[in-house]
2 protein chains.
Amino acid sequence: MKTSTPSSSIEDYVKVIYSFTEWQQKPITSTQLAQRLGVANSSVSEMVRKLKDQGLVDHKPYSAVTLTADGVRLALSMVRRHRLIETFLVQELGYRWDEVHDEAELLEHAVSDTFIDRMAAKLGNPARDPHGDPIPAADGSVRMPSAHRLSELDDGHTGRITRISDENPELLRYLAAEDIDLDAEVEVVGRRPFGGPLVVRIGSAAASREFDFAEEVASALWVHSDAAHTGCNVADL
Amino acid sequence: MKTSTPSSSIEDYVKVIYSFTEWQQKPITSTQLAQRLGVANSSVSEMVRKLKDQGLVDHKPYSAVTLTADGVRLALSMVRRHRLIETFLVQELGYRWDEVHDEAELLEHAVSDTFIDRMAAKLGNPARDPHGDPIPAADGSVRMPSAHRLSELDDGHTGRITRISDENPELLRYLAAEDIDLDAEVEVVGRRPFGGPLVVRIGSAAASREFDFAEEVASALWVHSDAAHTGCNVADL
DNA sequence: CTTATTGTTTCGGTGTGCCTAATAATCTGT
DNA sequence: ACAGATTATTAGGCACACCGAAACAATAAG
């Protein structure tokens with residue numbers, strides 16, 4: 001179990017493994033890892049062995065990959081870096097929210113802990129990034145908002161947008177153009193027949209608009225139910 | 001002559017080659033390059049061949065290394081990055097001037113051109129960094145202040161500090177503690193016998209203080225003569 | 001229950017940037 | 001001008017992170 005500084009590849013692997021389980025429930029497989037990282041399956045096998053040697057993941061041949069406590073710690077610190085950087089780019093340097101992902105992807109491996117700390121201080125230790133993703137605290141605690149994909153809600157359900165997946169920049173630009181942002185009120189009106197788009201009402205009662213959302217849009221929007229403000233404190237490892 | 005994105009090693013080599021000639025006059029040798037980069041001589045030989053293949057340097061075996069026009073262009077863009085980042089860290093994130101060098105060294109390879117542009121805009125396109133080093137403009141033009149090392153001035157000479165070498169963080173901390181900063185007025189009083197320290201008067205006539213500067217301090221401070229404000233516009237390649 | 005199909009790992013090989021050790025070129029002192 | 005020291009280059013290797021192709025499990029289908 002070396003404590004040497006992890007390479008940026010290792011940081012990426014661990015971050016992707018963590019991110020997969022952040023909003024899904026099942027652990028990630030070799031092939032999925034390869035797809036998300038854009039590398040060959042063989043590269044993943046090799047790297048997973050290295051991660052295991054370093055005590056960052058648990059893995060038995062031909063089964064899924066899960067993080068150890070050390071792995072989660074490292075992953076959370078990378079996620080914290082990523083999301084703080086994204087927030088900083090938007091708030092301090094005038095980036096649009098569809099531009100920040102790639103830049104943060106590069107910076108998160110390069111900056112020092114000091115840089116992260118100063119940035120967090122300047123931003124007032126924000127709890128979430130421009131897409132609504134929770135920013136882990138320096139001690140590794142995360143406040144995960146309880147949220148469900150818009151695409152999975154029943155008709156008539158109401159709530160607020162708490163998170164918007166940043167995987168597709170095009171999608172973010174579309175939402176920005178339509179003036180759909182975090183914390184907007186939403187109501188599921190219904191679904192067009194034969195797996196058609198989801199009909200949704202967005203905005204406060206006074207000025208609300210109706211949208212037909214394709215599956216990709218509906219599953220990128222995460223909604224927090226109006227009812228109770230239930231959050232759970234995850235991962236004090 | 002590939003136009004592919006240069007690796008961060010290549011960026012470092014080119015930057016060091018340029019920096020050497022920025023304040024010296026002679027081109028850099030293999031060994032000096034190796035020392036400044038902290039690598040073996042053999043590594044330099046190998047890399048210099050690669051730089052030559054890419055058209056960034058001119059080099060004949062067993063002689064010094066000089067940059068081509070392409071090389072200078074790349075070097076200036078790296079120097080611009082480095083110095084803008086340093087300025088940003090001091091002005092926006094509250095870094096002390098002795099802390100910024102190493103952080104900038106890492107960041108300069110990671111950030112995008114967009115990041116650099118936005119940073120420069122936010123800072124108001126500064127012409128020099130916290131140590132007084134000139135920041136090349138985006139088009140590659142540099143305004144080099146005409147300055148001489150304090151250690152090389154004759155007795156009685158007066159001027160203002162235009163640049164403070166950032167090579168030694170200890171030195172920067174010492175100067176900060178003594179409240180010696182850019183643009184301070186200086187007068188060379190004399191030199192203690194037998195190559196002793198240089199005696200210097202610093203500050204405006206009203207409240208000036210006298211210092212005995214060891215060679216390392218005296219040669220880290222660059223002074224602009226009171227006389228004419230002569231700058232020259234270098235490198236519009 | 002044996003055979004496809006799919007997923008995973010192993011094997012050999014690539015490029016980059018570094019190393020040490022050996023060798024070749026240049027500079028220096030007498 | 002030449003031996004000896006210094007400086008530079010080549011040769012052979014290593015670690016990292018990647019690849020394609022081939023071998024190997026696990027699962028699904030006939």
Side-chain angles (χ1 to χ4, degrees), chain A residues 1-17 20 24 26-67 71 74-75 78 105-106 108-110, chain B residues 1-17 20 24 26-67 71 74-75 78 105-106 108-110:
Chain A
M1 194 195 306
K2 295 302 311 276
T3 318
S4 62
T5 313
S7 71
S8 65
S9 292
I10 286 181
E11 291 174 345
D12 275 338
Y13 275 79
V14 166
K15 194 185 63 172
V16 169
I17 296 167
F20 189 86
Q24 318 268 127
K26 299 267 137 231
I28 196 167
T29 68
S30 217
T31 304
Q32 289 168 321
L33 238 182
Q35 279 170 351
R36 303 217 166 192
L37 288 164
V39 301
N41 282 351
S42 52
S43 308
V44 171
S45 283
E46 207 175 321
M47 279 301 270
V48 166
R49 181 153 25 84
K50 184 173 300 183
L51 293 179
K52 193 179 172 189
D53 290 348
Q54 301 193 5
L56 295 170
V57 303
D58 290 323
H59 180 237
K60 291 197 176 56
Y62 296 97
S63 70
V65 184
T66 55
L67 293 172
L74 176 57
M78 294 313 297
E105 202 75 23
L106 297 174
E108 65 191 10
H109 302 298
Chain B
M1 193 193 308
K2 296 301 311 276
T3 318
S4 61
T5 311
S7 71
S8 65
S9 291
I10 285 181
E11 292 174 345
D12 276 337
Y13 275 79
V14 166
K15 195 186 62 170
V16 169
I17 296 168
F20 189 85
Q24 318 268 128
K26 300 266 135 231
I28 196 167
T29 67
S30 215
T31 304
Q32 289 167 321
L33 238 182
Q35 278 171 351
R36 303 216 166 195
L37 287 163
V39 300
N41 281 353
S42 54
S43 309
V44 171
S45 283
E46 211 175 316
M47 278 302 269
V48 166
R49 181 152 25 85
K50 183 172 298 181
L51 293 179
K52 193 180 172 185
D53 290 348
Q54 301 193 6
L56 295 170
V57 302
D58 290 323
H59 180 238
K60 291 196 174 59
Y62 298 98
S63 69
V65 184
T66 55
L67 293 172
L74 175 58
M78 294 314 296
E105 202 75 23
L106 298 174
E108 66 190 11
H109 302 297

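Computation of the quantities below employed the complete heavy-atom set of this structure, encompassing side-chain atoms and omitting hydrogens, waters and symmetry-equivalent molecules. Naming: A, B, ... by sequence-line order, numbering from 1 per chain.
When the P atom of D/dA8 is taken as reference, atom CD of B/Gln35 falls 10 Å away, rounded to whole Å. Rounded to whole Å, atom P of D/dC24 lies 18 Å from atom CG of A/Asn41. For the pair A/Asp12 CG and D/dC18 P, the computed distance is 9 Å after rounding to whole Å. Summarising the geometry, the separation between CD on B/Glu46 and C1' on C/dT20 is reported as 13 Å, rounded to the nearest angstrom. Taking atom CD on B/Gln32 and atom C1' on D/dT7, their separation rounds to 11 Å, with Å as the unit. The nearest whole Å value for the distance from the NZ atom in A/Lys60 to the C1' atom in D/dA25 is 16 Å. Atom P of nucleotide D/dT9 and atom CG of B/Leu51 are separated by 12 Å, given to the nearest angstrom. B/Arg49 has its CZ atom 12 Å from the P atom of C/dT16, to the nearest Å.
Side chain of B/Lys50, nearest nucleotide from C/dT16, C/dG7, D/dC18: C/dT16. Picking from C/dT8, D/dC18, C/dC19 the nucleotide with the shortest atom distance to the side chain of B/Val39 gives C/dC19. Set against C/dT8, D/dC18, C/dG17, the side chain of B/Ser7 has C/dG17 as its closest nucleotide. Taking every side-chain heavy atom of B/Ser30 into account, D/dT9 is the closest of C/dT10, D/dT9, C/dT9.
At the heavy-atom level, B/Ser45 lies under 4.0 Å from base atoms of the strands shown. A/Ala40 comes within contact range of the sugar-phosphate backbone alone, with a heavy-atom separation under 4.0 Å but no base atom that close.
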So B/Leu74 and B/Tyr13, side chain to side chain contact (heavy atoms under 4.5 Å, CB included) or not? Walk me through it. CA-CA 11 Å; B/Leu74 175 58; B/Tyr13 275 79; over 6 Å; no
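Screening B/Leu67, B/Thr66, B/Val16 for a side chain to side chain contact (heavy atoms under 4.5 Å, CB included) involving B/Ile28 leaves a single residue, B/Val16.
Atoms NZ and OG, from A/Lys50 and A/Ser7 in turn, are 7.0 Å apart once rounded to the nearest 0.5 Å. To the nearest 0.5 angstrom, A/Arg36 atom CZ is 13.5 Å from A/Asp12 atom CG.
Residue side chain B/Thr29 does not reach the base of D/dT7 through any donor-acceptor N/O pair under 3.5 Å, judged by distance alone.
A/Ser43 has a side-chain polar atom (N or O) that falls below the 4.0 Å cut-off from OP1 or OP2 of D/dC19. Applying the 4.0 Å criterion to OP1 and OP2 of D/dC19, one finds that A/Ser42 has every side-chain N and O outside that range. Regarding contacts with the backbone of D/dC16, every side-chain N or O of A/Tyr13 stays at 4.0 angstrom or more from both OP1 and OP2. Residue A/His59 places at least one side-chain N or O under 4.0 Å from the OP1 or OP2 atom of C/dT9.
When atom types are taken as modelled, the side chain of A/Lys52 and the backbone of A/His59 share a donor-acceptor pair closer than 3.5 angstrom.
Where A/Tyr62 and A/Ser9 meet DNA chain D, the nucleotide closest to each residue was compared, and A/Ser9 sits on the side nearer the 5' end.
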